[in-house]
Amino acid sequence: MASTQADERRVQKIDVLVVGAGFGGMYALHKMRERGLKTQAIEAGGGVGGTWYWNRYPGARCDVMTIDYSYSFSNEIQQEWTWTERFCSQSEILEYANYVARKLDLFRDIKFDTRASSVEYDDAKRRWRIETEQGDVYDAKYCILSTGPLSVPKGVDIPGADDFQGELYLSARWPHEKVELDGKRIGVIGTGSSGVQIVSVVAHQASHLHVFQRTPSFSLPMRNAKMDPEYVAQIKKHYPAMREVTRMTFSGGTRPASSRPLFSVPVDERNAMLEEAWKTAGHNLLGIFSDLLLYKEANDVVADFVRGKIGEIVKDPDVAEKLKPKSEPIFARRPCLDTNYYEVFNKDNVTLVDCLSTPIERITPRGVIVAGEEIELDVIIAATGFDALTGALLSIDIKGKQGASLKEKWAEGARSYLGMAIQGFPNLFTTAAVNGPSALANFILLNEQNVNWINDLLDYMDANGFDTVEATEEAENKWLDRIALLASRSLMPKANTWYTGTNIPGKPRTFPMYAGGLGRYTEDCQLVAQNGYEGFDFYSEASPEAEAELAEEEAS
């Protein structure tokens, strides 16, 4: 790890380096500064907000209710901020992120447009050296990676994409300036959450819209609405108590969570419950019965109900049939929430292209070739997904003790302890990452839980005179066994999705997330702490090299 003298002069020595300034990184920066540590955050984007900074596509909106999708650590912030809608738009969520950053004075310690290129552990100094693509070098005792599970877009994996002479946009890297779509011939590739939201909006702008559906998604009605002032007042009055309850639920939110198995409910009553859930908000379908992700026969009932709704809404029976997912359980793929998504396929200017039967052959300068015929387009919008869960971490050259590569360690799948610590990578932590609930839970509450847990771990180290902590291989193995056990009880691994990595060629097929829910995960983490941070090795003596360097710094 040799450096030139010029390099060493520009090294910035700090206590904590936080990578990422989404909701996890923002809270980590706040919490580490609060404990008196010199902390710096770096962010690849030009502002805070993470996914909400990048994803500005038409219709971008959170599919978690905004009373849940917000920070809980400060009741002052909860009382001051008022959401305008039940499910808020990207612009309002980004405004909220900036409000919090100003409130906590975070901007002074965030360097934007700065992407980490390497994170390397110095065995002699027991410190991390972080280099950025922009030439910054940091020397940090601790490194917290809050890079997010959906940070690296997959891109357009179709031959000829570079030849297209019209406008081509990635949903996850949407321009910050206004994009004029009115009256244009538009093609949307992909019908996951982003694609569904985009189609629901641009169908009303395009002269003609072609929807290139590669895998049909179950989409449920969002039933968005403006927030009623009396309801807002009630939420704010009871926010602290409500949060205590929701952070121990499966999802970390306020949607229903029943203990009733589906077949314990009489058919007429069950059908009435399904109808009511569909009318009120689609995500309610997930929580009205306890066994939808555990028991295929119960899952089939709900899947058939939603497929029936698609058939009722879409007038053309052939189109309706193509829109119905048939190959995987409902909710095994991340469920979409929409506003009149299926209804747009009744419009004369919307054409569904079923890429399962007629895949896109290539993109041409003028459009897209399907079944030997060219569909001419002015605009292509690629909602083609992400290299999810591990993509952001593996895009950085991370090396632990003795130069061990994280890419090599994770070649057969992600391995960590509690989703926060990695054996062989001391004093390095991840938040809301792979091997935890990650995208299965309310991301903001999960980040809070992780950052608070890391903070408590540092309290324990300070109280006991430790300066280095590392997960053990045994603890890591046991944690992976627990993840595998929970996954084996769920239907979620049955689908080929970004959950399992099957959307990325060559990526190992695993189900690397904790499928037991946020509440159970929080209890597991608390138990580790109560048992004296079982599964961690601690060290208290600095190396002779580090002591010599410290003495030299103090003398100068």
Side-chain angles (χ1 to χ4, degrees), residues 62-70 72 86-87 193 218-224 231 234-235 238-266 269-303 305-306 329-337 432 436-449 482-483 485-493 499 511 513-526:
C62 189
D63 58 7
V64 177
M65 285 197 296
T66 41
I67 60 169
D68 296 322
Y69 194 80
S70 51
S72 69
R86 189 179 183 191
F87 297 91
S193 294
F218 283 106
S219 191
L220 310 171
M222 179 174 279
R223 311 296 188 201
N224 195 23
Y231 174 67
Q234 176 179 301
I235 290 294
H238 300 288
Y239 236 146
M242 187 183 83
R243 297 294 203 158
E244 287 301 313
V245 174
T246 56
R247 66 170 48 96
M248 296 309 295
T249 63
F250 184 92
S251 66
T254 53
R255 70 183 184 213
S258 174
S259 60
R260 295 172 296 185
L262 183 141
F263 290 109
S264 71
V265 181
E269 183 180 343
R270 175 208 309 162
N271 291 339
M273 292 169 65
L274 290 169
E275 288 288 348
E276 180 63 21
W278 183 266
K279 291 176 183 176
T280 52
H283 263 188
N284 289 346
L285 282 169
L286 180 57
I288 58 174
F289 304 111
S290 63
D291 53 352
L292 298 187
L293 288 172
L294 303 175
Y295 187 44
K296 184 180 182 300
E297 285 76 4
N299 189 281
D300 287 344
V301 170
V302 177
F305 171 80
V306 176
I330 189 170
F331 306 129
R333 180 183 298 273
R334 183 173 177 85
C336 308
L337 291 188
S438 192
L440 302 180
N442 178 344
F443 202 62
I444 297 184
L445 289 192
L446 174 58
N447 269 299
E448 285 186 346
Q449 128 71 31
R482 177 149 180 74
I483 288 175
L485 176 64
L486 290 168
S488 71
R489 297 171 177 170
S490 172
L491 297 175
M492 283 187 283
Y499 285 177
F511 190 83
M513 291 185 287
Y514 182 99
L518 178 60
R520 186 185 296 185
Y521 170 75
T522 298
E523 291 175 347
D524 282 353
C525 294
Q526 290 172 342

Discussion item. Nearest 0.5 angstrom please: Leu292 CG to Ser490 OG, how far?
Written reply: 11.0 Å
Practice prompt. Tell me, with the steps shown, if Arg223 and Phe87 meet side-chain contact (heavy atoms from CB on, under 4.5 Å).
Written response: CA-CA 9 Å; Arg223 311 296 188 201; Phe87 297 91; 6.0 Å; no
Item to complete: With side chain to side chain donor-acceptor pair (under 3.5 Å) as the test, would you mind laying out the steps for Arg333 and Ser193 before giving the verdict?
Response: CA-CA 10 Å; Arg333 180 183 298 273; Ser193 294; over 6 Å; no
Fill in: For Ser290 against Leu294, the heavy-atom pair lying closest together
O-CD1, 3.9 Å
Discussion item. Ignoring hydrogens, what is the shortest heavy-atom contact between Ser219 and Trp278? Give both atom names and the distance.
Written reply: O-CH2, 4.2 Å
Item to complete: Given side-chain contact (heavy atoms from CB on, under 4.5 Å), test Phe443 with Val64 step by step and report yes or no.
Response: CA-CA 9 Å; Phe443 202 62; Val64 177; over 6 Å; no
Practice prompt. Quick one: list whatever passes salt bridge (charged side-chain N to carboxylate O under 4.0 Å, His left out) with Arg482, sequence neighbours left out.
Written response: Asp524
Item to complete: Would you check if Leu220 and Phe331 make a side-chain contact, meaning some heavy-atom pair closer than 4.5 Å?
Response: yes
Fill in: Approximate separation, where rounding is to 0.5 Å, of Phe305 CZ and Asp300 CG
15.0 Å
Discussion item. Is the shortest side-chain heavy-atom distance between Pro437 and Tyr514 below 4.5 Å?
Written reply: yes
Practice prompt. Could you tell me which residues satisfy side chain to side chain contact (heavy atoms under 4.5 Å, CB included) with Asn442, sequence neighbours excluded, listed by chain and number?
Written response: Asp68, Tyr69, Ile444, Leu445
Practice prompt. With sequence neighbours excluded, tell me which residues meet side-chain hydrogen bond (donor to acceptor under 3.5 Å, both in side chains) with Asn299.
Written response: none
Worksheet entry | Partners meeting side chain to side chain contact (heavy atoms under 4.5 Å, CB included) with Leu440 (sequence neighbours left out) | Met492, Tyr499, Phe511, Met513
Worksheet item: Got a sec, which residues hit side-chain hydrogen bond (donor to acceptor under 3.5 Å, both in side chains) with Arg86, two or more places apart in sequence or on another chain?
Response: none
Worksheet item: Once you round to the nearest 0.5 Å, how far does OG1 of Thr280 lie from CD of Glu275?
Response: 11.0 Å
Discussion item. I need the minimum non-hydrogen distance between Thr522 and Met248, along with the two atoms involved.
Written reply: CG2-SD, 4.1 Å
Practice prompt. Give the minimum heavy-atom separation between Ser72 and Arg247, together with the two atoms involved.
Written response: OG-NH2, 2.6 Å
Worksheet entry | Residues in salt bridge (charged side-chain N to carboxylate O under 4.0 Å, His left out) contact with Asp291, at least two apart in sequence or another chain | none
Practice prompt. Measure the CZ-CG distance between Arg520 and Leu486 for me, rounded to the nearest 0.5 Å.
Written response: 5.5 Å
Fill in: Minimum heavy-atom distance between Pro261 and Ser259, given as atom pair plus value
CD-O, 3.4 Å
Worksheet item: What are the two closest non-hydrogen atoms of Asn284 and Ile288, and how far apart are they?
Response: O-CG2, 3.1 Å
Worksheet entry | CG-CG distance between Leu262 and Leu274, expressed to the nearest 0.5 angstrom | 7.0 Å
Worksheet item: How long is the gap from CZ on Arg243 to CD on Glu448, to the nearest 0.5 Å?
Response: 7.0 Å
